[in-house]
Amino acid sequence: MSQREWIEKDFYKELGVSSTATPDEIKKAYRKLARDLHPDSNPGDTKAEERFKTVSEANAVLSDPAKRKEYDETRRLFAGGGAGGYGRGGGFSPGGGGGFSQEFNINDIFGQAGAGDGGLGDLFGGLFNRSGGGRAATRPRRGSDVETETTLGFREAAQGVTVPLRMTSPSPCTTCHGSGAKPGTSPRVCPHCNGAGVVNRNQGAFGFSEPCDDCRGTGSIIDDPCTDCSGTGIQNRTRTITVRIPPGVSDGQKIRLAGQGEAGLRGAPSGDLFVTVHVSQDKVFGRQGDDLTLVLPVSYSELVLGTTVSVPTLDGRVGVKVPPGTADGRTLRVRGRGVPKRGAAGGAGDLLVTVKVAVPQSLDAEATEALKKYQEAEKAAGYDPRSGWAGA
Ligand SMILES: [Zn+2]
Ligand SMILES: [Zn+2]
């Protein structure tokens with residue numbers, strides 16, 4: 001099991017124990033769950049089977065003091081926003097990174113296929129290649145970072161979603177395999193610099209190296225350029241990658257995917273991909289961090305007498321109790337029904353319901369009569385809405 005999976009999974013939650021549970025408590029919780037969920041007692045129940053596996057997995061880590069310690073530390077690191085510290089590519093910060101409020105390395109968390117592992121292989125490949133060439137121009141160079149953006153629906157962003165991203169980026173020309181020379185021909189070594197790409201010049205006591213003019217520093221000359229890439233050896237190629245966006249991203253947030261940028265030159269590691277996420281508005285919900293907000297239309301009498309109203313949540317509905325005598329504009333809090341929280345802590349923000357009186361534009365005779373009667377009764381009872389008002 002990898003660190004990535006550790007970050008995604010809350011083993012404590014799976015076992016229904018607190019993160020400070022004693023080994024004994026963990027053992028007890030596991031035994032009970034294992035008994036309840038065991039495939040023998042739940043034949044054909046795939047859900048129970050899944051849970052049984054998850055619970056066993058959780059127990060395997062939490063019942064081993066060394067593993068549990070490592071697990072706790074891994075998750076603590078992630079919860080602290082130190083995502084840059086995972087795996088390869090940690091600590092890299094893109095140029096002009098101002099305004100990245102919450103940047104984290106989604107790749108290291110969710111394990112995009114081949115990204116992290118391929119990088120290491122590439123790196124070694126680059127080292128081996130180099131031993132043969134020895135020319136300045138063939139030194140491996142890390143691929144450039146690539147930026148792209150995607151727009152998510154409000155609920156997708158809140159709950160997490162997997163999206164395909166179409167990306168256009170330069171990659172080696174397939175016709176000439178990146179050489180830039182027409183198929184059947186090959187670049188020849190630049191005679192001026194002998195393929196070094198640089199020439200030495202002596203000026204007084206100092207020796208200078210400068211890029212070779214004849215080959216523009218590449219070390220080779222192409223007599224017959226490839227027509228598909230005009231001799232550059234590079235073509236723009238479109239590829240689609242699937243990206244898992246975790247729950248709780250907010251509008252404008254930038255996400256980093258290590259190793260999904262441009263391919264490195266001559267076997268060097270690839271650059272990173274930065275995805276700026278735009279979140280579209282929702283008709284019902286707004287967001288304040290992890291809290292979900294909504295405005296609930298109510299009648300005056302509902303506020304005075306109190307009521308319970310069913311309101312939507314991200315995954316269903318919930319009854320909100322409006323206590324008698326609730327002031328217009330008051331915000332009622334429904335705990336834990338907001339946006340899922342990122343990171344190890346888990347849980348969700350709150351749902352904030354703000355009541356707003358809807359005033360009827362017309363009433364039938366009966367209701368108007370009743371309201372007039374009410375108004376008189378209110379006066380008779382001595383209620384003055386402007387008592388205590390500074391403008392009275
Ligand atoms: Zn070409
Ligand atoms: Zn040259």
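Counting convention: from 1, in listed order, for ligands and their atoms alike.
- Contact annotation: C176 places an N, O or S atom under 2.8 Å from the Zn ion (ligand 1).
- Between D282 and R287, none of the side-chain N atoms (NZ, or NE/NH1/NH2) sits under 4.0 Å from a carboxylate O, so this pair counts as no salt bridge.
- In terms of heavy-atom proximity, V199 sits nearest to P211 at CG2-O, 4.3 Å.
- A salt bridge is absent between R337 and D350; no separation between the charged side-chain nitrogens and carboxylate oxygens falls under 4.0 Å.
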Can you list, pair by pair, the side-chain donor-acceptor contacts under 3.5 Å of residues 381-392, counting residues two or more places apart and other chains?
residue, atom, partner, partner atom, Å
D384, OD1, R386, N, 2.9
S387, OG, D384, O, 3.4

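- Separation of atoms CG (D291) and CZ (R333) is listed at 5.5 Å; rounding is to 0.5 Å.
- To the nearest 0.5 Å, the span separating CG on L352 from CG on L292 amounts to 8.0 Å.
- Excluding water, every protein N/O/S atom under 2.8 Å from the Zn ion (ligand 2) is given here by residue and atom: C190 SG, C193 SG, C212 SG, C215 SG.
- No donor-acceptor pair closer than 3.5 Å links the side chain of D290 to the backbone N or O of K341.
- Angle SG(C226) to the Zn ion (ligand 1) to SG(C173): 110° [nearest 10 degrees].
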